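First comes the structure, then the notes that go with it.
So you know, we letter chains A, B, ... as the sequences are listed, proteins then strands, and number each from 1. Just so it is clear, the model here is predicted, and its values are computed rather than measured.
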Amino acid sequence: MRWSNLFVPTLREAPAEAEVASHRLLLRAGFIRQLHSGHYSLLPLGLRVHDKVADVVRQEMDTIGAQELLLPAMHPAWVWEQSGRWQSMGDEMFRLTDRKGAEVALGMTHEEVIALCAREIHSYREVPQIWYQIQWKFRDEPRPKSGLLRVREFAMKDSYSLDIDDAGLDRAFDLHHAAYTRIFERLGLPAIAVEASSGAMGGSASVEFMVPSAAGEDDIVRCGNCGYAANVERAIAVVPPVDDPPGGVLERFATPGIRTIAALAAAEANASPERQIKTMVYVLDGQITLVLLRGDHELSEQKLLDNTGAAAARPAVAEECVAALGAAPGSLGAVGVTDLPVLADDALAGRSNLTTGANTDDFHFRGVDIQRDISVGEWLDLRQVRHGEPCTGCEGPLELLRCIETGHIFKLGRRYAEAFETTVMDAEGVSRTLTMGSYGIGIGRAVAAVAETHHDERGLCWPTSVAPYEAVVVPISGRDEAVTEVSERIYGELRDAGVEVIIDDRDARPGVKFSDSELVGIPYRVTVGPRALAAGNVELTERASGNTTLVPVEDAVASLTAARDTALAVL
RNA sequence: CGGGCUGUGGCGCAGCUUGGUCAGCGCACCUGCUUUGGGAGCAGGGGGUCGCCGGUUCAAAUCCGGCCAGCCCGACCA
């Protein structure tokens with residue numbers, strides 16, 4: 001490809017709306033353009049990277065025996081009604097009406113369609129199956145952001161395993177786990193596999209592949225010592241015990257104007273945050289519920305949902321608190337509350353002589369003994385782990401890491417197969433419902449994650465496995481015939497050698513060509529200039545390291561292909 | 001959905017407070033000449049209903065109201 005023919009609209013300055021590195025650089029380097037919030041056009045270079053990422057995924061899926069298919073992006077409403085998700089998906093599903101008045105939706109995922117296809121399987125002899133597709137998915141995200149990281153339409157590789165029993169599902173799950181590990185390695189993504197919440201999908205195992213990045217939206221906890229890793233939605237840590245002074249007598253006292261844990265700690269002796277009870281009022285599936293945590297602990301809403309089985313949780317508004325308890329937030333407590341469900345975090349178990357709100361504005365209780373004074377309905381793990389807390393496995397300090405979720409695998413079980421009566425006959429002639437697993441990788445998000453992980457102040461530094469082109473030949477001084485001749489020759493030979501190469505044949509100054517090739521992030525550059533050429537040499541520059549070596553003209557192609565092959569072998 | 005910010009040629013911005021020779025600057029683009037190892041120089045040139053609608057006014061990019069869009073934080077989110 002000749003740069004003069006290539007559509008790469010590079011920008012000297014990044015558009016103001018781009019904040020995170022991948023968004024800025026993908027825009028500046030001419031890979032993507034936004035059409036609308038959450039909807040991006042992939043320009044030629046962007047599509048090449050996208051395709052390469054998809055190909056890596058495809059190869060590794062094929063390696064574990066998965067078969068590619070392609071399912072419709074538009075689904076009739078009844079399919080989603082039959083699985084119960086027409087309602088539960090809510091506003092996140094794009095819905096429209098066709099000319100006949102029939103309701104349809106743009107698919108956000110394909111469990112239903114797969115379960116329907118799988119009805120063609122009739123015998124245990126025909127399983128296991130792993131089917132995958134790379135398909136455009138649509139989700140009406142409340143807030144698209146960060147370029148390709150969170151969008152409303154995107155290509156996703158999703159695969160589905162179909163098995164007759166749990167052992168088969170376990171095997172399919174493990175195959176995917178291994179395949180995903182290889183995929184992210186090949187993409188140059190330092191993904192960490194973490195235990196995750198299954199969320200609304202249910203299921204018995206759930207692992208997310210997380211790439212550390214400040215641009216991410218999820219937090220994970222990791223132990224550098226023993227390797228424990230989990231999404232904060234599930235993570236646990238050792239909570240060092242707190243010594244409560246004995247002899248607490250329940251006593252109400254005035255706390256005028258005090259509304260926060262910190263203010264109470266400052267005003268009252270023996271009421272440091274870890275010796276207070278934080279009372280949060282939540283509405284769980286419509287039911288007002290008190291949620292109790294240690295004063296210095298944070299609630300994890302996902303744990304609240306997961307551990308109660310509730311479908312929806314939201315903090316109660318002040319009016320609801322007053323109506324339910326007689327006081328506004330800041331003076332709330334669970335002492336003596338018997339008409340509402342009370343959930344308490346495990347870290348409060350056995351605690352005594354604590355301080356908490358008295359359900360009268362400007363009053364608190366001291367001397368509270370959880371066991372004696374509060375009717376706890378259920379003890380649960382509800383708190384969010386904090387940076388530096390001891391690992392439950394080895395006591396090593398846990399680190400909290402912000403990450404991009406690039407992959408998620410989990411066991412669905414029989415929910416969808418049951419909804420569509422997807423059954424097979426087993427060896428005994430008994431009808432058995434298939435069990436499914438679901439395994440996703442966002443292709444565009446992976447592209448962004450690679451950009452996020454591989455760039456410097458000059459631009460992108462693509463790993464060779466996904467680079468839009470592998471090499472660029474840069475002739476310096478288009479007027480020098482020897483330079484032109486050697487450049488064209490090397491360009492032709494590289495193409496013949498199977499290298500994806502561009503020649504920057506533009507009538508531009510060297511600085512422009514260097515800057516553009518670095519911004520775009522092509523891994524190898526061959527610079528042909530009169531200076532080196534006079535001694536029979538050209539320069540070979542590696543984008544990522546910036547290292548330049550002089551090589552004789554006749555060795556250039558061999559050196560470059562060797563370097564590329566070495567890089568690809570590792571990926 | 002709550003909070004904050006922003007909409008002026010392709011990109012980055014100034015102008016708005018104090019309405020009127022303000023539609024302007026840098027980059028990009030076009031033509032010509034020169035130039036060619038890190039985003040060239042000179043000369044000439046093209047391009048903008050100032051997000052949209054309405055109002056105030058002799059006069060609106062500028063003031064007022066409404067709407068729309070985008071970005072950021074939070075909530076939400078297989």
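Of the candidates A:Glu112, A:Arg85, A:Gln82, A:Tyr416 forms a side-chain hydrogen bond (donor to acceptor under 3.5 Å, both in side chains) with just one, namely A:Arg85. Each of A:Val53, A:Leu149, A:Ile32 was evaluated against A:Val447; a single residue qualifies, A:Val53, per the side-chain contact (heavy atoms from CB on, under 4.5 Å) test.
Across all strands shown, B:rG4 is found opposite B:rC71 as a Watson-Crick or G-U wobble partner, with both distances under 3.5 Å. Figure legend. B:rA59 is base-paired to no nucleotide; pairs are counted as Watson-Crick or G-U wobble with both atom distances under 3.5 Å. B:rC76 is unpaired under the criterion used here, namely a Watson-Crick or G-U wobble arrangement in which both key atom distances are under 3.5 Å. Across all strands shown, B:rA40 forms a Watson-Crick or G-U wobble pair with B:rU34, both key distances being under 3.5 Å. For B:rU18, there is no paired base (Watson-Crick or G-U wobble, both distances below 3.5 Å). Nucleotide B:rG46: unpaired (no Watson-Crick or G-U wobble partner with both distances less than 3.5 Å). Across every strand in view, B:rG54 sits in a pair with B:rC64 that passes the Watson-Crick or G-U test at under 3.5 angstrom.
Across the C1' atoms, B:rU56 and B:rU62 are found 13 Å apart, a figure rounded to whole Å. To the nearest whole angstrom, the two C1' atoms, one in B:rG15 and one in B:rU8, are 9 Å apart. Remark: the separation of the C1' atoms in B:rA59 and B:rC71 is 35 Å, to the nearest Å. The gap from the C1' atom of B:rC25 to that of B:rG70 amounts to 24 Å, rounded to the nearest Å. B:rC16 and B:rA60 have their C1' atoms separated by 10 Å, with the value rounded to a whole Å. B:rU17 and B:rU6 have their P atoms separated by 15 Å, with the value rounded to a whole Å. For the C1' atom pair drawn from B:rC58 and B:rG41, the interatomic distance equals 49 Å after rounding to whole Å. A gap of 37 Å separates the P atoms of B:rC5 and B:rG47, to the nearest Å.
A:His454 and A:Trp462 are not linked by any side-chain donor-acceptor pair at a separation below 3.5 angstrom, with hydrogens and angles left out of the test.
For residues 521-545 of chain A, the pairs satisfying salt bridge (Lys or Arg N to Asp or Glu O under 4.0 Å) are A:Asp456-A:Arg543, A:Glu518-A:Arg525, with sequence neighbours left out. For residues 301-323 of chain A, the set of pairs meeting the ring pair (Phe, Tyr, Trp, His ring centres under 6.0 Å) definition, not counting sequence neighbours, is empty.
Among the nucleotides B:rG37, B:rA40, B:rA78, the one closest to the side chain of A:Pro510 is B:rG37. Of the candidates B:rC71, B:rG38, B:rA78, B:rC71 carries the atom nearest the A:Glu17 side chain, counting heavy atoms from C-beta on. Closest to the side chain of A:Arg509, out of B:rC72, B:rG37, B:rU36, is B:rU36. The listed nucleotides are B:rU36, B:rA78, B:rG38; the one nearest the side chain of A:Thr109 is B:rA78. Considering only side-chain atoms of A:Glu19, the nucleotide from B:rA78, B:rC72, B:rA40 that sits closest is B:rC72. Here B:rG37 is the nucleotide among B:rG12, B:rA78, B:rG37 with the atom lying nearest to any side-chain atom of A:Arg531. With B:rA78, B:rC11, B:rA40 as the choices, the nucleotide that has an atom nearest any side-chain atom of A:Pro15 turns out to be B:rC11. Comparing B:rG70, B:rG38, B:rA78 against the side chain of A:His36 picks out B:rG70 as the nearest.
Using a 4.0 Å heavy-atom criterion, one finds that A:Glu539 contacts the bases of the nucleic acid, with or without backbone contacts as well. As judged by a 4.0 angstrom heavy-atom cut-off over every strand, A:Ala18 is placed among residues making no nucleic acid contact. Within 4.0 Å of A:Ser37, counting heavy atoms only, lie sugar-phosphate atoms of the nucleic acid but no base atom. Residue contacts for A:Arg525: at a heavy-atom cut-off of 4.0 Å it reaches a base atom on one of the strands shown. In this structure, A:Met93 reaches neither bases nor backbone, as no heavy-atom distance under 4.0 Å exists between it and the strands shown. A:Asp91 comes within contact range of no nucleotide atom at all, as no heavy-atom separation falls under 4.0 Å. Residue A:Glu518 is in base contact, counting any heavy-atom pair closer than 4.0 Å across all strands shown. Base contact: A:Tyr160 has a heavy atom under 4.0 Å from a base atom. Across all strands, A:Ser517 comes closer than 4.0 Å to no nucleic acid atom at all (heavy-atom distances).
Atom-to-atom, CD of A:Gln135 to C1' of B:rA78 comes out at 16 Å; the value is rounded to the nearest Å. In this entry the distance linking OH of A:Tyr132 with C1' of B:rA78 reads 21 Å, nearest Å. Nucleotide B:rA40 holds its C1' atom 14 Å from the NZ atom of A:Lys513, rounded to whole Å. Here the P atom of nucleotide B:rA78 and the CE atom of A:Met210 are 14 Å apart, to the nearest Å. Residue A:Leu26 contributes atom CG, which lies 17 Å from atom P of B:rC11 at whole-angstrom precision. Rounded to a whole Å, the CD atom of A:Glu481 is 16 Å from the C1' atom of B:rU36. A:Arg152 places its CZ atom 8 Å from the P atom of B:rG70, with the value rounded to the nearest Å. The NE2-P distance, from A:His23 to B:rC11, rounds to 13 Å in whole Å.
In the region residues 543-554 of chain A, proximity to RNA chain B at under 4.0 angstrom, judged on heavy atoms, holds for none of the residues.
Salt-bridge check for A:Lys513 with A:Asp507: failed, with every basic side-chain N at 4.0 Å or more from each acidic carboxylate O.
Residues that satisfy the salt bridge (Lys or Arg N to Asp or Glu O under 4.0 Å) test with A:Glu320, not counting sequence neighbours, are A:Arg314. The ring pair (Phe, Tyr, Trp, His ring centres under 6.0 Å) check on A:Tyr439 picks up A:His176, with sequence neighbours excluded. Remark: A:Tyr40 engages A:His23 in a ring pair (Phe, Tyr, Trp, His ring centres under 6.0 Å) (not counting sequence neighbours). Listed by chain and residue number, A:Glu488, A:Asp505 satisfy the salt bridge (Lys or Arg N to Asp or Glu O under 4.0 Å) test with A:Arg2 (two or more places apart in sequence, or in another chain). Partners of A:Asp345 by salt bridge (Lys or Arg N to Asp or Glu O under 4.0 Å), not counting sequence neighbours: none found.
Annotation: A:Glu298, atom CD; neighbour count of heavy atoms from other residues, nucleotides and ligands within 6.0 Å does not exceed 12. Around atom CG of A:Asn5, more than 12 heavy atoms belonging to other residues, nucleotides or ligands sit under 6.0 Å away.
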Polar atoms only, N or O, under 3.5 Å: list the protein pairs with nucleotides 74-77 of chain B and their distances.
residue	atom	partner	partner atom	Å
B:rC76	OP1	A:Glu301	OE1	2.1
B:rC77	O2'	A:Glu92	OE1	3.2
B:rC77	O2'	A:Glu92	OE2	2.9
B:rC77	O2	A:Arg150	NH1	2.9
B:rC77	O2	A:Arg150	NH2	3.1

